[in-house]
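To start, the structure under review is shown below, and the notes come after it.
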Amino acid sequence: MRVSKLFFTSLRDNPADAEMASHRLLVRAGYVRQLGAGIYSLLPLGFRVSQRIEQVIREEMDAIGGQEMEMPVVHPAELWKESGRYAKIGPEMVRFKDRGGRDMVLAMTHEEVVTDLLRDIVKSYRQLPAIVYHFQTKFRDEPRARGGLIRVREFVMKDSYTLDPDEAALDVSYQAHYGAYERIFQRLDLEAVVVGADVGIMGGSLAHEFMVLNDSGEDTLVICETGDYAANQQIAMVRKPEPPVEEPRPTEEVATPDAPTIAALAQLLGVGEDRTAKATFFTTGDGRLLTAIVRGDFEVNETKLSNAVKAIGGLRPAHAEEIAAAGMVPGYASPIGARGSTVVVDDLVASSPNLVAGANKHGYHLLNVNVGRDFTPDLVVDITNARAGDPCPNCGAPLVLRQGIEVGNIFKLGTDFTEKLGATYLAEDGSRRLIVMGSYGIGLGRALACIVEAHHDDKGIIWPATVAPYAAQLVTLSASRDPAVGEAAEGLYQRLTDAGVEVLYDDRDESPGVKLTDAELLGMPRIITISPRSLAAGGAEVTDRASGERSVRPIAEVEAELASAGR
RNA sequence: CGGGGCGUAGCGCAGCCUGGUAGCGCACCUGCUUUGGGAGCAGGAGGUCGCCCGUUCGAAUCGGGCCGCCCCGACCA
């Protein structure tokens, strides 16, 4: 491809609204352009990278027996009503009516459509197991897009679905994907950390996320540096401290003026925050009030809480009026004497004796509160948020927190969808059974952006050879001054192209500064410079973009090397 | 959805406070010169100043409403 004909433009200035390196560089180098919030066009260069990523994924999916197909982006809402997600998912799903007045949605993912196909197609155990996948556009109307291609609303995802006769077979399919994902990210030159993850709207029993460590990442990962534990903070567990062994003492009301916070309370009473019970309040999407109690030295983990109560429509902090309506006084609240809320108590609180808790009276707390004796929780379950330095649940070593970007995920769906939609098969023994599913995604644009995040310097992008849009950028300097330069470059370009080596040829009549700067910005693995000076020195100058190493070599040698390197 | 910011040429910005001819740099077009690190000279093209309403003799500028985009938070497979 000749740069003079390439549909692109590089920008000298950074776009004003780009914060992340990947966003800035991809826009400046002419790989992508924004159309709206979280909506991007891939220009020819960006599309080529996307296709390379797609091909790597395709090869690894095919290697574990995946069959590529394609499912629609527009779905009848009926299907999503059947699975229950039409009601469960909020405004992030785009809903509209077609001309006939029928409810339609834009695909956020494709479990429903796959399951619908199963009803038609899979009848016998002989057809299982199977893996199907496609690369298809998803639209998720996120409340806030950000970070260029990192968090968008419209994006192409590889999503695959495993179809198995039973849980044991699902384990095998799940592991196959786990391995395929490791190979995919290795080939893409992305260092992915695998963490245990929340199942979210997918339901199901087990999920892992493949995370790329990045300080701008939106997910917080809880990692044990000994390598025996890694989880998304949304579900991360810690080894909790042993509560003191004490006999329960009688409760006692004490005046605690101006102590609506745990810190103030602990200081006023001269006790550790670990001797207090903290009550926080949430309202579910369907209007239930939750009272969540954690020990004063911990915070509530909303994902755990939401999962524990099977909240519909998520959680939001409760309003003061809602708390008051349940008979509690914010700042001095506890479930004692209150009613009308679902009380969820962290297991550590349940086993800690003689805590300080609110008296539901402004300016007063209760000493020696004991769960079970003084109030009865609706649920006792782990709802604390893991903190940096907390002990690893496996080995006790201090946990560290890292930020990460989710580039892939794998979910064991089980029979959630097949049960709701009625996708069954006849087993060998003649019994009718539910198909057991798994669901596995990789966002192409996000992977692309993550590669740039991991592979760039202050001059521009440095593509790994596997995904680079072109194997090399051929640059002429001072061609108009010396016809031999143009002749040599044209010849090399022709022969490489004929040999199937994809080269980006900068044949523009631009100054050396512009052409070299652009070449570094665009990031092809090799920059081949032909100039009067290089010809005088014996051929072409080859610069390795990553290392910066340069050497002048005979053109025939450069040609042979590129040809043998494949692309 | 809460807080903050921004919308003026393809990109980056000034002008707005204090109303009166729409500007600068880069990019673009033509010519000449230049050619290994974002060249020089000369000439040129390009703008409903986000949209609507209002105030005014007159609005990019003042007021109101709306829309869009970005950042932080909330939210999120």
Side-chain angles (χ1 to χ4, degrees), chain A residues 8-20 23-24 27-28 30 33-39 85 88-93 107-111 138 140-148 150-153 155 157 159 197-204 207-211 216 218-220 232 234-235 282 285 302-303 306 311 313-317 405-411 413 439-443 446 459-460 475-482 485-486 508-521 527 529-537 540-541 543 550 552:
Chain A
F8 104 119
T9 183
S10 60
L11 303 177
R12 188 169 294 201
D13 299 308
N14 280 320
D17 55 9
E19 301 260 317
M20 291 184 78
H23 187 195
R24 200 173 66 233
V27 171
R28 263 192 65 194
R33 280 292 182 277
Q34 180 171 357
L35 181 62
I39 305 176
R85 291 161 113 191
K88 188 174 173 186
I89 296 176
E92 59 267 33
M93 181 156 69
M108 296 179 63
T109 171
H110 284 80
E111 281 78 15
K138 313 283 187 263
R140 299 178 184 180
D141 197 358
E142 301 286 352
R144 189 182 150 206
R146 72 184 98 185
I150 297 292
R151 182 165 204 76
V152 293
R153 296 194 296 167
F155 59 100
M157 176 186 259
D159 42 324
D198 181 43
V199 294
I201 63 162
M202 308 299 302
H208 287 94
E209 291 168 341
F210 288 72
M211 314 281 316
S216 304
E218 296 182 82
D219 285 281
T220 302
N232 194 307
Q234 291 179 321
I235 63 152
F282 297 89
E302 287 187 38
T303 303
S306 178
L315 300 182
R316 62 165 170 81
I405 300 167
E406 178 189 351
V407 285
N409 56 44
I410 56 180
F411 288 95
L413 297 178
S439 163
Y440 315 83
I442 296 177
R446 187 179 284 188
K459 294 174 176 168
V475 178
T476 55
L477 304 179
S478 306
S480 62
R481 204 181 51 180
D482 182 353
V485 169
R508 295 175 300 175
D509 183 21
E510 289 285 354
S511 74
V514 169
K515 299 179 79 167
L516 292 172
T517 308
D518 264 354
E520 284 158 344
L521 178 62
I527 300 168
T529 312
I530 297 182
S531 66
R533 186 196 289 183
S534 80
L535 291 177
E541 181 183 82
T543 304
R550 300 178 181 198
V552 177

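First the proteins, then the strands, lettered A, B, ... as listed; each starts at 1. Remember, predicted model here, so these are calculated numbers, not experimental data.
Using atom C1' as the reference point in both B/A22 and B/G15, the two lie 8 Å apart (nearest Å). Taking atom C1' in both B/G25 and B/U8, the straight-line distance is 15 Å, to the nearest Å. Comparing the same atom, C1', in B/C13 and in B/G40 gives a spacing of 25 Å after rounding to whole Å. Comparing B/A60 with B/G47, their C1' atoms are spaced 11 Å from each other, to the whole Å. B/G65 and B/C29 have their C1' atoms separated by 42 Å, with the value rounded to a whole Å. Taking the P atom of each, B/C16 and B/U21 are spaced 13 Å apart, rounded to whole Å. The P atoms of B/C17 and B/G4 are separated by 23 Å, rounded to the nearest whole Å.
Residues forming a side-chain contact (heavy atoms from CB on, under 4.5 Å) with A/Arg550 (at least two apart in sequence, or on another chain): A/Glu541, A/Thr543. By the side-chain hydrogen bond (donor to acceptor under 3.5 Å, both in side chains) test, A/Ser480 is found to be paired with no residue, residues two or more places apart in sequence or in another chain being considered. Every side-chain hydrogen bond (donor to acceptor under 3.5 Å, both in side chains) that A/Thr476 has, sequence neighbours left out, goes to A/Lys515. Evaluation of the side-chain contact (heavy atoms from CB on, under 4.5 Å) rule for A/Asp13 yields no partner, not counting sequence neighbours. With sequence neighbours excluded, the residues forming a side-chain contact (heavy atoms from CB on, under 4.5 Å) with A/Arg316 are A/Thr283, A/His319, A/Glu322, listed by chain and number. Annotation: side-chain contact (heavy atoms from CB on, under 4.5 Å) contacts of A/Glu209 (sequence neighbours excluded): A/Val195, A/Ala197, A/Met211, A/Asn232, A/Glu406, A/Asn409. Residues passing the ring-ring contact (aromatic ring centres under 6.0 Å, His included) test with A/Tyr440, sequence neighbours excluded: A/His177.
Judged by closest nucleotide on RNA chain B, A/Ile530 is the one of A/Ile530 and A/Arg153 placed further toward the 5' end. Nearest-nucleotide mapping onto RNA chain B: of A/Leu535 and A/Pro317, the residue sitting toward the 5' end is A/Leu535.
Across all strands shown, B/G38 remains unpaired; no Watson-Crick or G-U wobble contact has both distances below 3.5 Å. Pair check for B/C62 finds B/G54; Watson-Crick or G-U wobble, both atom distances under 3.5 Å. Using Watson-Crick or G-U wobble geometry with both donor-acceptor distances under 3.5 Å, B/G46 finds no partner in any strand shown.
As judged by a 4.0 angstrom heavy-atom cut-off over every strand, A/Gly36 is placed among residues touching the sugar-phosphate backbone only. Within 4.0 Å of A/Ala145, counting heavy atoms only, lie sugar-phosphate atoms of the nucleic acid but no base atom. Base engagement by A/Glu541 is indicated by at least one non-hydrogen atom pair under 4.0 Å involving a base atom. No contact: A/Tyr440 has no heavy atom under 4.0 Å from any strand. Counting any heavy atom pair closer than 4.0 Å across all strands shown, A/Arg550 reaches a base atom. Residue A/Met93 is out of contact with every strand shown, counting any heavy-atom pair closer than 4.0 Å. Within the nucleic acid shown, A/Arg144 comes within 4.0 Å of at least one base atom, counting heavy atoms only.
Taking the side chain as every heavy atom from C-beta outward, A/Leu516 and A/Lys459 never approach each other to under 4.5 Å.
The phosphate of B/A39 (OP1 or OP2) has a side-chain N or O of A/Ser511 nearer than 4.0 angstrom.
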Check the interface with nucleotides 3-12 of chain B: list each N/O to N/O pair with the protein under 3.5 Å, or write none.
residue	atom	partner	partner atom	Å
B/G12	OP1	A/Ala16	N	3.1

Return the polar atom pairs (N/O with N/O) between nucleotides 45-50 of chain B and the protein under 3.5 Å, or none.
none

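One side chain, A/Ser10 or A/Asp518, offers a donor N or O that lies under 3.5 Å from an acceptor on the other.
In terms of polar N and O atoms assigned as donor or acceptor, the side chain of A/Glu520 never comes within less than 3.5 Å of the base of B/G38 in a complementary pairing.
Exactly one of A/Asp482, A/Leu535, A/Val475 qualifies for a side-chain contact (heavy atoms from CB on, under 4.5 Å) with A/Ile530. That residue is A/Leu535.
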